[in-house]
Colleague: 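My structure is below; once you've seen it, I'll send some questions.
Being a predicted model, the structure only gives us computed values, none of them experimental. Quick note: residue numbers are just sequence positions, from 1.
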Amino acid sequence: MKDSRGYRVFQVVNGAVLLGVVFVTLYPFLNIIAQSFSGESFIRAGEVNLIPQGFNITTYQLVMGDGMFWRNYGNTVLYTVVATAIAMVLTTTYAYVISKRNIRGRGLLIGIAVFTMFFNGGLIPNYVLISSLGLTNSIWAIVLPNAISVFNLLVMKAFFENLPAELEEAAQIDGLSTYGILLRIVLPLSKAVIATMVLFYAVTFWNSWFQAFLYLNQQELFPVTIYLRNLIAGASTASSLGSGSGDLAQVASNIKAVTMVLTVLPILCVYPFIQRYFVSGVMLGSVKG
């Protein structure tokens with residue numbers, strides 16, 4: 001069947017609009033990459049667009065040549081992996097329980113979770129709590145306070161509610177326990193939403209810096225976000241004081257761009273492997289069947 005003229009015009013316009021959206025989305029990131037590899041004079045003159053000017057990797061060399069950078073980068077990987085694993089276990093089990101309509105106290109459990117979306121103790125009470133529990137200067141101060149995202153919890157709950165109840169009933173007849181049903185029936189059917197939640201949690205913990213800023217005061221425990229934050233602060237201070245050394249001026253000019261590239265690069269490397277689950281996971285978990 002031949003496409004109508006109107007439909008062909010729609011395809012052309014739609015393709016042009018989507019290409020424009022892609023360009024607008026990519027342009028800032030490409031500009032940041034170009035700045036991270038550009039020379040100081042070109043950056044300060046505003047001459048860097050999409051192509052690096054005065055190619056320079058001084059800032060990358062100074063940052064990546066520091067042993068503390070790699071120590072803090074390793075901390076970030078550790079914190080992200082442990083925090084994401086804990087968050088997924090807690091979120092999955094909590095969501096599975098509140099997805100069952102015949103569970104006593106289900107409404108209370110949902111209400112407790114939703115309540116925390118709108119109300120919390122505040123910064124000082126949270127700091128006092130973490131300190132009194134002896135969690136400061138430890139990984140647990142980073143991974144435990146935000147172990148459950150209520151938004152992720154509700155998305156997984158909706159996903160579990162949409163799974164056919166007949167599957168679990170058949171599994172019960174075959175003698176599977178509640179844990180067996182969850183592990184052998186529900187989770188294998190939930191790969192899309194699980195991959196999506198892993199991405200959400202991993203990105204959140206990877207980019208997190210405020211928790212570490214509050215609860216950690218030993219440099220060897222810092223995540224890489226704190227390391228880079230301190231580097232930016234130091235370079236900006238030196239620049240404002242008028243320091244004229246070549247390396248320091250170069251670092252001050254593009255340290256923010258280098259920081260953004262180094263921070264986002266691991267996520268960009270991981271995302272393509274789980275992108276195929278991303279849209280289906282969110283849609284299946286957010287649309288009521």
Side-chain angles (χ1 to χ4, degrees), residues 76-120 133 135 138-206 208 266-267 269-289:
T76 297
V77 173
L78 176 63
Y79 297 160
T80 301
V81 171
V82 174
T84 302
I86 292 175
M88 286 304 301
V89 171
L90 295 179
T91 303
T92 301
T93 51
Y94 198 159
Y96 183 67
V97 169
I98 61 178
S99 69
K100 303 304 172 189
R101 302 183 186 278
N102 59 342
I103 294 291
R104 272 187 196 175
R106 175 176 180 266
L108 177 62
L109 292 174
I110 296 175
I112 291 173
V114 173
F115 181 84
T116 62
M117 292 183 69
F118 305 102
F119 304 98
N120 62 72
L133 292 175
L135 300 180
S138 72
I139 184 176
W140 309 115
I142 308 300
V143 304
L144 292 182
N146 297 313
I148 295 181
S149 164
V150 179
F151 171 79
N152 294 347
L153 175 71
L154 296 179
V155 170
M156 291 199 77
K157 165 185 167 293
F159 182 90
F160 289 149
E161 287 176 340
N162 286 330
L163 292 177
E166 293 79 6
L167 288 175
E168 297 189 35
E169 292 172 359
Q172 285 179 330
I173 293 174
D174 288 339
L176 281 181
S177 64
T178 300
Y179 297 107
I181 293 173
L182 175 62
L183 295 175
R184 300 178 63 179
I185 304 297
V186 174
L187 294 185
L189 294 174
S190 306
K191 292 179 181 178
V193 74
I194 289 174
T196 302
M197 294 303 106
V198 167
L199 177 65
F200 283 174
Y201 276 123
V203 170
T204 299
F205 289 120
W206 183 270
S208 176
I267 299 299
C269 293
V270 171
Y271 182 77
F273 296 99
I274 58 178
Q275 185 271 340
R276 63 194 178 106
Y277 297 110
F278 185 74
V279 175
S280 60
V282 173
M283 293 302 294
L284 289 172
S286 58
V287 177
K288 182 67 178 173

Colleague: Is Asn120 reaching over with its side chain to a backbone N or O of Thr116, donor-acceptor style, under 3.5 angstrom?
Modeller: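 No: the side chain of Asn120 does not pair with the backbone of Thr116.
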Colleague: Between Ser177 (side chain) and Gly180 (backbone), is there a donor-acceptor pair under 3.5 Å?
Modeller: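 It does hold such a pair.
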Colleague: For a side chain to side chain contact (heavy atoms under 4.5 Å, CB included) check, start with the C-alpha distance between Met197 and Thr84, then their side-chain angles and the critical distance, and finish with the verdict.
Modeller: CA-CA 9 Å; Met197 294 303 106; Thr84 302; over 6 Å; no
Colleague: Quick one: closest heavy-atom pair of Ser190 and Leu163, and the distance?
Modeller: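 Taking Ser190 first and Leu163 second, the nearest heavy atoms are OG-CD1, 4.1 Å.
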Colleague: I'd like to know if the side chain of Ser99 reaches the main chain of Tyr96, judged simply by a donor and an acceptor atom lying under 3.5 Å from each other, with no hydrogens or angles considered.
Modeller: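 Side chain of Ser99 to backbone of Tyr96, a donor-acceptor pair under 3.5 Å: yes, one is there.
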Colleague: What residue among Asn102, Ile110, Leu108 forms side chain to side chain contact (heavy atoms under 4.5 Å, CB included) with Arg106?
Modeller: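 Filter result, single survivor: Ile110.
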Colleague: Say whether, by atom type as modelled, one donor and one acceptor occur between the side chain of Ser208 and the main chain of Thr204 under 3.5 angstrom.
Modeller: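 No.
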Colleague: Roughly how far apart are Thr178 OG1 and Ile181 CD1, rounded to 0.5 Å?
Modeller: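 Going from OG1 on Thr178 over to CD1 on Ile181, the span is 5.5 Å.
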Colleague: Rounded to the nearest 0.5 Å, what separates atom CZ in Arg104 from atom CG in Leu109?
Modeller: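 With rounding to 0.5 Å, CZ (Arg104) is 13.5 Å from CG (Leu109).
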Colleague: Are Ile98 and Leu153 close enough, and set up right, to give a side chain to side chain contact (heavy atoms under 4.5 Å, CB included), and what steps lead you there?
Modeller: CA-CA 10 Å; Ile98 61 178; Leu153 175 71; 4.2 Å; yes
Colleague: Under a 3.5 Å threshold, yes or no: a donor from one side chain and an acceptor from the other, between Thr91 and Tyr201?
Modeller: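 The criterion, which ignores hydrogens and geometry beyond distance, is satisfied for Tyr201 and Thr91.
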Colleague: Verify side chain to side chain contact (heavy atoms under 4.5 Å, CB included) between Phe200 and Thr196, making sure each step is shown before the conclusion.
Modeller: CA-CA 6 Å; Phe200 283 174; Thr196 302; 3.9 Å; yes
Colleague: Can you give me the closest heavy-atom contact between Ile86 and Trp140, atom names plus distance?
Modeller: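 That would be CD1-CZ3, 3.9 Å.
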Colleague: Could you measure the distance from the CG atom of Leu199 to the CD1 atom of Ile267? Nearest 0.5 Å is fine.
Modeller: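 It is 7.0 Å, given to the nearest 0.5 Å.
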Colleague: To the nearest 0.5 Å, what is the distance between CG (Leu187) and OG1 (Thr92)?
Modeller: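 It is 6.5 Å, given to the nearest 0.5 Å.
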Colleague: Rounded to the nearest 0.5 Å, what's the gap from CH2 on Trp206 to OG1 on Thr80? Could you check?
Modeller: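 Atom-to-atom, Trp206:CH2 and Thr80:OG1 are 5.5 Å apart.
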Colleague: Rounded to the nearest 0.5 Å, how far apart are NZ of Lys157 and CG of Asn162?
Modeller: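 Going from NZ on Lys157 over to CG on Asn162, the span is 9.5 Å.
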